[in-house]
Amino acid sequence: MDMKFKGMKPSRRSFLTGAAAAGVGSVAATVAKGQTAPDPAITELQDWQVYLGDGVDAAPYGMPSKHESHVVRRTVEWLTADNVSSINFTPLHELDGIITPNGVCFERHHGGAAEIDPAEHRLMINGLVDKELVFTMEDLMRFPRENHVYFLECAANTGMEWAGAQLNGCQFTHGMIHNVMYTGIPLKLLLAEAGLKTNAKWILPEGADASAMTRSIPIEKALDDCLVAFKMNGEALRTEQGYPVRLVVPGWEGNMWVKWLRRIEVGDEPWHHREETSKYTDLLEDGTARRFTWEMDAKSVITNPSPQAPLTHGPGYTVLTGVAWSGRGTIPRVDVTLDGGKNWHQARMSGPSLNKSMHRFYFEFEWDGKPLLLQSRAHDSTGYVQPTKNQLREWRGENSIYHNNGIQTWYVNEKGEAENVEIS
Amino acid sequence: MSKFPNQLALVAVATTSVVALSVGLSERAAYRADLAAAEAQAMAEETQAAEASAVAEAAEAETVVTEEVTEEVVAEAEVVEEAVEEPAEDVVAEAPVAEDAPAEEMHAGMAFEGGTSRPALFVGAAWAESHESPMIGELEGITFDLGREALPEEVAAWNIDIRPDGQGLPVGSGDVWTGEEVYIENCAMCHGDFGEAVGRWPVLAGGWDTLTHEDPVKTPGSYWPYLSTVWDYVHRAMPYGQAQSLTDDEVYAITAYLLYLNNLVDDDFELSNENFTEVRLPNEDGFFMDDREEGEIPAFSEEPCMENCKDSVEITMRATILDVTPEEEEAEVTEAAAETSDEPATEEAAAEEAPAEEGATEMAAVDPALVEEGEGVFRKCRACHQVGEGAVNRTGPHLNGVLGRTIGGLDDFRYSGVFEEAKAAGEVWGPENLGAYLADPRGAMPGTKMSFAGLRSEDEIAVMIAYLSTFEAQ
């Protein structure tokens, strides 16, 4: 991948576009206060009250309401040379709960999204095994399966923010993540089927796409919780997520979750391929680099309000919400501050608390209409607390691109418009 | 041919297979142990009432008989649901008992023979965590007789990976000069003749001593630890859009050329499977195993301040100043993209169309032979510059009438600061300063936006200037 995180193409966007787009909400709010004339939404017959709607099968595969058409993945063009080896971002500010709908799960390809005929797809296991095997998709469907909800975060998520606040919107700063339920075969069953030799220490999963993606994974992880998955949120994997079959490497950086999985080689040493040398190594200030930084540190972000989701209702009761996750366990606690970290409050966690899954938090409060400096801080089940960006920079400098899990700050002004900032 | 000082970095090592893979077993084991300890601790601390309840329930379950499996699962699911809703504090104490249960049950499940016993595996591991199902347990000796043995030809077709110790390398060889030819043909349009990259495609050469800079340039020469990665990656994924179209010998040759571009071998170097592991990259020792466990994680695991944590808060940086966020409105996005487009593919297409013959009629005093040669060399510029009738600005300004033109003199092109300065000072392009600029753009005009490594020889510069002089301002 060739992402340029510093050079930038200015756009003419004023950061208030989001607020303008959300204008509808504020009109409704004004009307609600001190209503004098009757509300036509109530007193007048609406078309949908009179005429019949679509019959069943109008959309054999259903799509979201046309009023939700703005809820889409978006890309940042200046990041990559073309849109084939590129990335787009999950619209986190439009979602709630913990599950990411399949159609808006962010995409990252290195050679485009391969269109694979499942009948022509094979999975091979070779190398240090008793029997080198080939499976068809039909074979795979006959193995025992499991269901797990896991987040997948690209190690470069928030990578554009190392040198300072850069992108306005949690979609762009934090949207290289999704959280879905996978149905898949424990990888250890497949490896057992082939029979591991005693010197089997590493595996090399490989994709069938034009980038033939490879990563070295230690055997301990392979035998622990990795899945060879074919379903996401109950339906077949989407093409762009690796149809017909992908690797799931819970809690570890997204690049390792090889899509369009065609082969797993077993070996006794790591391969040091491009995605674990040139890329996905974390360059530190002194010019040396960490390698094999697989686990994703605990992280959180407030999704609402945020630059793309301003407060449009004026002073009064409001709902602050966000997501948190950790590659090392669950998130028992998230703290939230409204005043830039002078005082913190424990947010309310809601929804299932699953290992290596996204968690949802809420903090309801009465907004007095004064500016806010919002931050969230995740605590994971190992006791790790999400650091500030400056704490991280002390350890890593600004050149490491990957694994930026620093605390995000949104500045909300009197009008409710939010902006990505950094604070002292 | 002296653009790159030849700097020999061909290190002959005593044994060929000792490329040190820094992840030794012991290191890894220690890492794993740490991890396990952390996990154990986490579980201990975190065992919630609900979990404990569920696990305890499972622990009580008797050996599972096939027919009962479904019921059992349903029953357990119910228990779990209840437990989640009403966390029962009092069962926490029972949790440790439950921990042994899964393994025991597992074996009970596996004791059955024949196909029908296998579903028991699902139940065997019990609910290890509250609302989460278990991973299927250990399966020593259990296989499903699925799939078939891979044929040697099939393994050979797919097993293309190369390791630092040379494992996987096919027999073959290729030299720098062959490599240059193959590279110019297949790679230069994106990565540049010298690996300097066209537009935003990846840079493949240079970047030495930049790893501590604000904008490090990571190339095989400056950053990559192992040469095998170059061979493996080029072979599996390049040229982009035509993956795996190169022969093994071509990949050896290109790899040799990339070594040459990175000042690591002489121009008479030939790379083969025989001498491959003798070539070591300068930054091999620049990497170390993830050490977050040792420093960062403990440092970030302290109970944070909750109240009166600071007196004042200042905003130190704002994203709106940079303003690089994509537009929300569809129309504007397209417009903005078109406006700032330096998307290489379209540029190239456009450049291709730009008629270059135009100059032929104008070349009054200039040696036609030089001009013709210059036209050949202009291939290196075409991705960014246009000349001739209808030439427009692309990544770089159009070059019609550039000789005699004010430096940075086009009103409709956004030049770098150093160009603006030269313009303000009234400097004009002549053969001399243009020659110096083309020989070493960044040296001659530090801060120039032209990402081009420079022309290699006096000859190339001379013919280029001759060629450019044939295009008058329109």
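Excluded from the calculations below are hydrogen atoms, water molecules and symmetry mates; all remaining heavy atoms, backbone and side chain alike, are included. Below, chain A is the first sequence line, B the second, and so on; all start at residue 1.
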Is the shortest side-chain N to carboxylate O distance from [X] to [Y] below 4.0 Å?
| X | Y | result |
| --- | --- | --- |
| B:Glu154 | A:Arg122 | no |
| A:Glu206 | B:Arg236 | yes |
| A:Arg291 | B:Asp290 | no |
| A:Arg142 | B:Asp145 | no |
| A:Arg274 | B:Asp232 | no |

* To do: Measure B:Ser312 against the heavy atoms of chain A and call it side chain, backbone, both or neither at under 4.5 Å.
  => backbone
* Structure fact -> The interface call for B:Asp311 against chain A, heavy-atom contacts under 4.5 Å, is backbone
* Closest heavy-atom pair and its distance - A:Gly340, B:Val313 ->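 Smallest heavy-atom distance, with atoms named: O-CG2, 3.6 Å.
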* Asked: Where do A:Glu265 and B:Asn159 come nearest, in terms of heavy atoms and distance?
  -> OE1-OD1, 2.9 Å
* With sequence neighbours excluded, what pairs up with B:Cys309 under the side chain to side chain contact (heavy atoms under 4.5 Å, CB included) test? -> A:Trp344, B:Cys305
* With sequence neighbours excluded, what pairs up with A:Ser211 under the side chain to side chain contact (heavy atoms under 4.5 Å, CB included) test? -> A:His110, A:Asp209, A:Met213
* **Full working for side-chain contact (heavy atoms from CB on, under 4.5 Å) between A:Asp268 and B:Arg163** => CA-CA 11 Å; A:Asp268 56 357; B:Arg163 280 196 335 199; 2.8 Å; yes
* Does one side chain, of B:Trp224 or A:Thr277, offer a donor that lies under 3.5 Å from an acceptor on the other? -> no
* Pair B:Tyr223, A:Thr281: side-chain N/O donor-acceptor within cut-off below 3.5 Å ->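 Yes - a donor-acceptor pair under 3.5 Å links their side chains.
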* Test A:Thr80 against B:Arg200 for side-chain contact (heavy atoms from CB on, under 4.5 Å), laying out the working first. => CA-CA 7 Å; A:Thr80 51; B:Arg200 285 168 293 166; over 6 Å; no
* To do: Considering only heavy atoms and a distance below 4.5 Å, find which of A:Glu132, A:Arg396, A:His379, A:Glu193 pairs most often with chain B.
  => A:Glu193
* Against chain B, work out which of A:Gly341, A:Gly164, A:Gly267, A:Gly127 has the most heavy-atom pairs shorter than 4.5 Å and name it. =>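 Among the listed options, the one with the most contacts to chain B is A:Gly341.
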* Asked: In terms of heavy-atom proximity below 4.5 Å to chain B, should A:Thr75 be classed as side chain, backbone, both, or neither?
  -> backbone
* Dump the intermediate steps for side-chain contact (heavy atoms from CB on, under 4.5 Å) on B:Met306 and A:Asp335, then the final yes or no. => CA-CA 8 Å; B:Met306 292 295 283; A:Asp335 304 329; 3.5 Å; yes
